[in-house]
Amino acid sequence: MTSSTPNSTAAGHASYDPAAIEQKWQERWRAERTNSPDLTGAERPYYQLMMFPYPSAEGLHIGNVFAFTGNDIHGRFQRLQGHTVFEPIGFDAFGIHSENYALKVGIHPMELIPRNIANFRRQLRRVGLMVDWSHELSTTDPAYYKWTQWIFLQLLERGLAYRGKAAVNWCPSCKTVLANEQVVNGACERCGTPVEQRYLEQWFFKITEYAPRLLANLDWIDWSDTTKTAQRNWIGESEGAEIDFALAGADASIRVFTTRPDTIFGATYVVLAPEHPLVDAVTSSAQREQVRAYVERAGKRDLVARKVGDREKTGVFTGGYAVNPATGARIPVWVADYVLMEYGTGAIMAVPGHDERDFAFARAFDLPIVRVVAAPGDDAATPLAEAYTDNEGGRLVHSPPFDGLTTTEGKARIVAWLGEHGRAKPTVTYRLHDWTISRQRYWGPPIPIIYCDACGMQAVPEKDLPVLLPPITDFRPDDSGVSPLARHEEWYRVPCPECGKMARRETDVSDTFLDSAWYFLRYPSTEFTDVPFDAERTKQWLPVNIYIGGNEHAVLHLLYSRFITMVLHDAGYLDFEEPFMRFRAHGLLIRNGAKMSKTKGNVVNPDEYIERWGADTIRLYLMYMGPLEEGGDFRDSGISGMRRFLDRLWASAHEMRSDGAPDDAVIRKLHRTIRKVTEDTSRLGYNTAIAAMMEYMNTLRGGERVPHRAEVEPLVQLVAPYAPHIAEELWERLGHTGTVFSSRWPAFDPALATEDEIELAVQVNGKLRGTVRVARDIAQDDALAAALAVPSIAKFVTGTPRKVIFGPGRLLNLVV
RNA sequence: GCCCGGGUGGCGAAACGGCAGACGCGAGGGACUUAAAAUCCCUUUCCCCUAGCGGGGAGUGCGGGUUCGAUUCCCGCCCCGGGCACCA
């Protein structure tokens with residue numbers, strides 16, 4: 001423990017006291033506005049963005065500290081490279097999470113959130129981040145959500161926001177709509193009550209219209225591959241065809257989507273989703289009652305259970321028939337809930353021979369199974385024990401005149417053939433759905449819409465923004481499926497902006513993810529009240545240079561932010577369409593090999609650790625655990641090593657000598673260290689950068705040598721992004737005025753950073769047999785001679801080597 | 001089921017296809033000290049031979065392959081973590 005440490009050392013200088021110097025520098029940074037750059041005059045602007053936190057009542061999570069430190073090091077490093085770095089922070093404080101917590105503890109969120117934010121601010125300051133607090137924002141601030149509402153209106157104006165009915169999860173016990181994430185195995189995550197499906201009018205954003213662009217830009221933006229892959233999967237592009245199946249005896253047809261048009265000759269029935277609009281028209285009177293009962297039952301099943309619950313195939317015959325456009329055969333039309341209305345056309349052609357689900361269904365209901373693709377070695381007559389779904393290598397059979405074609409050829413030829421008769425066209429379908437932004441809750445920005453009996457739906461005029469969220473005390477959701485705001489007449493009733501007669505407000509609030517989909521645009525412009533973001537500022541500071549955050553937002557926040565940016569670009573407000581030039585996903589922080597959670601009681605409280613060790617030590621430790629992009633395992637046992645390193649740094653700066661010349665070998669090591677720390681820091685390889693500094697420290701102080709000032713001073717700068725407080729303090733004690741972050745990053749001399757002599761590894765038949773110390777640029781023959789001069793190597797070599805492999809500067813391998 | 005990560009000493013981890021285990025923790029031994037702390041030095045993958053000095057062999061989840069040489073590249077598996085999931 002450090003509390004027992006005496007306040008002066010044997011060497012006579014004061015010992016390292018992190019609490020005192022951290023407080024000193026945090027106060028000085030604040031007083032001197034060290035971290036508030038001039039946003040207008042910056043010549044080399046660098047926008048370092050971190051994911052703003054949700055200010056929970058529990059306070060800052062160590063995972064936040066991990067992510068923010070990772071950002072901060074990069075930001076401070078860029079500043080030392082001569083950039084003007086803008087590193088803002090804010091609070092993502094709206095949302096169901098806050099509201100539920102407020103309901104639970106019985107404190108109004110308008111009271112609770114500012115308290116939590118104050119606590120977060122205190123904790124964030126203690127971490128020593130280079131945050132520009134003069135541009136702090138909160139999404140719950142009317143000055144902010146005014147513009148969230150404005151963005152909604154921009155989408156509305158462009159036809160990208162619309163109202164429609166949608167199935168939602170409803171908890172009959174909590175009397176509220178639940179997000180999909182709040183439904184666990186078909187039950188409410190809070191009370192365990194089975195969730196029902198309800199149909200409600202919802203607001204949607206047409207993100208699907210941007211699917212092709214959202215997908216295409218992934219090819220060039222510099223993002224972590226893991227994140228890009230997650231987005232690609234989420235957008236889920238499928239190439240295939242839409243094909244019309246005429247209804248037998250009626251003047252209508254069912255349009256299906258398939259990725260396997262090559263298998264159409266094997267389509268032995270058609271399936272409609274229970275919600276499909278043609279269900280009634282297809283159903284025969286004999287089957288009507290059964291179909292009605294099935295559709296009703298399917299509608300009652302909650303969405304989650306239907307998709308992830310048991311996969312037992314259920315369905316009902318409609319009594320109707322369709323005509324397979326390829327074979328001309330009459331095939332039955334069924335209704336089954338394994339077909340989803342929300343994907344494709346809500347109808348499929350079932351090819352049981354070549355689709356697992358169709359196969360299972362056909363087996364269950366005794367429908368015909370026909371082989372139309374034969375694997376190599378099989379033929380048309382080979383029986384199918386299971387669906388043969390391989391998309392490559394097979395040849396078409398039972399598909400005259402296309403027999404013998406590969407599946408790939410078959411797809412193109414069959415779609416073209418059906419296309420000639422207007423029955424098919426190639427189509428690309430996306431898994432991505434439109435974004436439901438309505439929330440029937442209280443704690444969010446009211447959607448700025450007014451309904452007038454005379455004039456219809458009206459957008460709230462921009463001059464009337466923001467639509468303030470009223471400070472009501474009764475905000476508990478009820479069974480009506482309507483937001484609690486609807487119960488407050490004085491807010492709900494409002495004059496129509498068009499005709500002035502009394503009208504009604506929209507009572508839904510918008511999704512929290514809309515708040516966070518544009519906050520990075522606001523940061524540089526927080527002082528502007530008449531625009532969401534100032535044109536000049538935005539031009540100078542955006543897009544964001546680098547964004548580091550968690551991959552849990554790969555398909556939510558990061559996708560929505562890209563979408564909103566594209567919309568604002570198309571609307572002429574932005575001259576870029578991708579908001580984040582670089583994105584790096586950091587890994588997950590675990591504790592002693594296990595996930596951190598409140599129930600396990602293994603959550604790390606950053607306050608405690610900073611108290612005990614100092615922020616600089618904790619910052620170093622978090623970054624030293626492993627690669628930032630892979631996360632790490634927080635174990636208390638490792639922290640002391642970081643503190644020891646800082647103690648030694650402190651001692652070095654106090655015990656060093658300034659007279660005479662520095663040691664040549666140490667200076668060489670220093671230059672190699674500068675090179676490695678520079679390279680590693682810029683590519684976020686923080687763990688190895690810290691290791692390199694420690695290695696240098698061992699050289700510096702090995703054998704109780706007294707370091708020279710010229711050997712120590714650059715190390716203070718190298719360590720500064722990682723441990724800013726101690727670096728500032730030592731920089732001052734070394735006689736400098738002003739912050740170390742205004743100094744220039746030390747340069748390395750390539751000549752000094754390279755060793756003249758190296759240890760050349762010598763292998764015989766690929767096995768290491770020894771090393772020889774030789775000149776770095778030694779020629780092969782000389783290296784060979786030097787190696788053979790060593791008896792312990794030579795004894796493995798009999799005669800002349802058959803082959804000599806020489807990697808200059810690396811190794812010599814003799815094959816004998 | 002599909003898609004991403006990842007499996008290396010007692011532990012956290014390093015290694016442009018080129019000396020596996022840097023760096024740190026822990027452990028053991030030593031120096032300094034009246035003593036302790038701090039600091040500094042040495043040892044620390046496993047097995048075998050040797051009194052010792054030394055020397056030999058194996059080793060990066062498993063099985064193959066490519067290569068003078070593989071933790072690294074390729075093929076086939078196993079295990080762990082995460083995401084998606086009746087997506088036609």
Side-chain angles (χ1 to χ4, degrees), chain A residues 4-6 9-11 15 225-230 232-234 236 238 240 256-260 263 271 306-313 336-340 342-351 355-358 360-361 429-432 551-552 554-555 585 587-588 590 592-593 595 620-621 624-627 629-642 644-645 647-648 651 685 687-688 690-695 697-698 701-705 759-771 792 801-807 809-816:
Chain A
S4 59
T5 308
T9 63
S15 63
D225 284 332
T226 52
T227 315
K228 294 211 273 191
T229 305
R232 282 197 186 98
N233 291 343
W234 187 262
S238 291
V256 306
F257 172 73
T258 180
T259 56
R260 297 295 305 274
T263 63
V271 187
R306 175 165 159 190
K307 288 188 196 167
V308 305
D310 70 89
R311 306 245 163 137
E312 202 65 26
K313 293 287 178 289
D337 70 0
Y338 81 94
V339 174
L340 307 172
E342 67 210 49
Y343 184 75
T345 60
I348 62 159
M349 62 175 208
V351 184
D355 180 279
E356 282 172 26
R357 295 150 301 174
D358 297 344
F361 192 80
T429 302
Y430 297 92
R431 211 196 66 113
L432 182 71
N551 233 0
E552 68 273 17
V555 294
L588 201 71
I590 58 172
N592 298 325
K595 218 171 164 175
L620 270 177
Y621 177 61
Y624 187 69
M625 285 185 309
E629 292 172 71
E630 282 170 32
D633 189 355
F634 193 101
R635 289 170 190 262
D636 291 13
S637 59
I639 304 173
S640 60
M642 304 303 117
R644 238 168 260 166
F645 170 70
D647 282 334
R648 297 172 86 200
N687 54 331
T688 49
I690 295 168
M693 290 189 272
M694 290 179 161
E695 212 178 311
M697 181 69 78
N698 290 339
R701 295 177 66 79
E704 297 193 313
R705 79 179 281 277
E759 290 274 326
L760 189 73
V762 182
Q763 296 180 338
V764 179
N765 290 338
K767 272 192 196 306
L768 182 75
R769 294 302 179 182
T771 60
S792 62
R802 277 195 293 130
K803 193 170 174 186
V804 177
I805 291 111
F806 182 59
R810 292 190 177 279
L811 96 168
L812 185 69
N813 187 13
L814 310 176
V815 185
V816 295

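Per chain, numbering begins at 1; letters A, B, ... match sequence-line order.
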Would you classify [X] as touching base, sugar-phosphate or nothing, given that sugar-phosphate means primed atoms plus P, OP1 and OP2, and contacts are heavy atoms under 4.0 Å?
| X | answer |
| --- | --- |
| A/Arg769 | sugar-phosphate |
| A/Asn813 | base |
| A/Glu759 | base |
| A/Ser640 | sugar-phosphate |
| A/Thr771 | base |
| A/Met642 | sugar-phosphate |

Practice task
Return the 5'-most residue of the pair A/Met625, A/Tyr343 with respect to RNA chain B, ranking by each residue's nearest nucleotide.
Solution key: A/Met625
Handout entry: 5' precedence on RNA chain B between A/Ile805 and A/Glu695 (nearest-nucleotide basis)
Key = A/Glu695
Counting side-chain heavy atoms from C-beta on, which of [options] comes nearest to [X]?
| X | options | value |
| --- | --- | --- |
| A/Leu340 | B/G18, B/G24, B/C87 | B/C87 |
| A/Gln763 | B/C19, B/A13, B/G12 | B/C19 |
| A/Trp234 | B/C25, B/C84, B/A88 | B/C84 |
| A/Thr688 | B/C23, B/A14, B/C19 | B/A14 |
| A/Asp633 | B/C3, B/C4, B/G12 | B/G12 |
| A/Arg635 | B/C11, B/C25, B/C16 | B/C11 |
| A/Arg357 | B/A13, B/C23, B/A88 | B/A88 |

To the nearest 0.5 Å, how far apart are [atom1] in [X] and [atom2] in [Y]?
| X | Y | atom1 | atom2 | result |
| --- | --- | --- | --- | --- |
| A/Asp225 | A/Arg232 | CG | CZ | 8.0 Å |
| A/Phe806 | A/Leu814 | CZ | CG | 11.0 Å |
| A/Thr429 | A/Phe257 | OG1 | CZ | 3.0 Å |
| A/Asn765 | A/Asn813 | CG | CG | 7.0 Å |
| A/Met625 | A/Asp633 | CE | CG | 7.5 Å |
| A/Asp358 | A/Ile348 | CG | CD1 | 4.5 Å |

For [X] and [N], is the shortest distance between a side-chain N/O and OP1 or OP2 below 4.0 Å?
| X | N | answer |
| --- | --- | --- |
| A/Asn687 | B/A14 | yes |
| A/Ser238 | B/A88 | yes |
| A/Lys767 | B/A58 | yes |
| A/Arg431 | B/A85 | yes |

Roughly how many Å is it from [atom1] in [X] to [atom2] in [N], rounded to a whole number?
| X | N | atom1 | atom2 | value |
| --- | --- | --- | --- | --- |
| A/Tyr338 | B/A88 | OH | P | 13 Å |
| A/Arg232 | B/C84 | CZ | C1' | 16 Å |
| A/Leu811 | B/C16 | CG | P | 15 Å |
| A/Asp636 | B/G26 | CG | C1' | 14 Å |
| A/Asn592 | B/G10 | CG | C1' | 15 Å |
| A/Lys595 | B/G83 | NZ | P | 6 Å |
| A/Ile690 | B/A22 | CD1 | P | 18 Å |
| A/Phe645 | B/A38 | CZ | P | 19 Å |

Practice task
Classify the side-chain pair A/Asn698/A/Arg648 by whether it contains a donor and acceptor separated by less than 3.5 Å.
Solution key: yes
Across all strands, who's sitting opposite [N] as a Watson-Crick or G-U wobble pair, both distances under 3.5 Å?
| N | answer |
| --- | --- |
| B/C2 | B/G83 |
| B/U44 | B/G26 |
| B/G63 | B/C75 |
| B/A15 | none |
| B/A70 | none |
| B/A36 | none |

For [N] and [M], measure between their [atom1] atoms and round to the nearest Å.
| N | M | atom1 | answer |
| --- | --- | --- | --- |
| B/G10 | B/G61 | P | 14 Å |
| B/A58 | B/G69 | P | 15 Å |
| B/U8 | B/C23 | C1' | 15 Å |
| B/A70 | B/G63 | P | 15 Å |
| B/C4 | B/U39 | P | 47 Å |
| B/C73 | B/C19 | P | 16 Å |
| B/G12 | B/G1 | C1' | 35 Å |
| B/C78 | B/C62 | C1' | 7 Å |

Problem - Qualifying residues under ring-ring contact (aromatic ring centres under 6.0 Å, His included), relative to A/Tyr621, sequence neighbours excluded - result: A/Phe634
Exercise for the section: Apply ring-ring contact (aromatic ring centres under 6.0 Å, His included) to A/Phe361 and list each qualifying residue two or more places apart in sequence or on a separate chain. Expected result: A/Tyr269, A/Trp334, A/Tyr338, A/Phe365
Practice task
State, with a plain yes or no, whether a side-chain heavy atom of A/Val815 is found less than 4.5 Å away from one of A/Val804.
Solution key: no
Exercise for the section: Can you check whether any acceptor in the base of B/C87 is under 3.5 Å from a donor in the side chain of A/Tyr430, or vice versa? Expected result: no
Exercise for the section: Indicate for each nucleotide in nucleotides 39-46 of chain B, in 5' to 3' sequence, whether protein heavy atoms under 4.0 Å reach the base (B), only the sugar-phosphate (S), or nothing (-). Expected result: SSS-----
Exercise for the section: Inspect the surroundings of CD in A/Glu356 and state if more than 12 heavy atoms from other residues, nucleotides or ligands are less than 6.0 Å away. Expected result: no
Completion exercise
Classified by glycosidic angle (syn within 90° of 0, else anti), B/G83 comes out anti
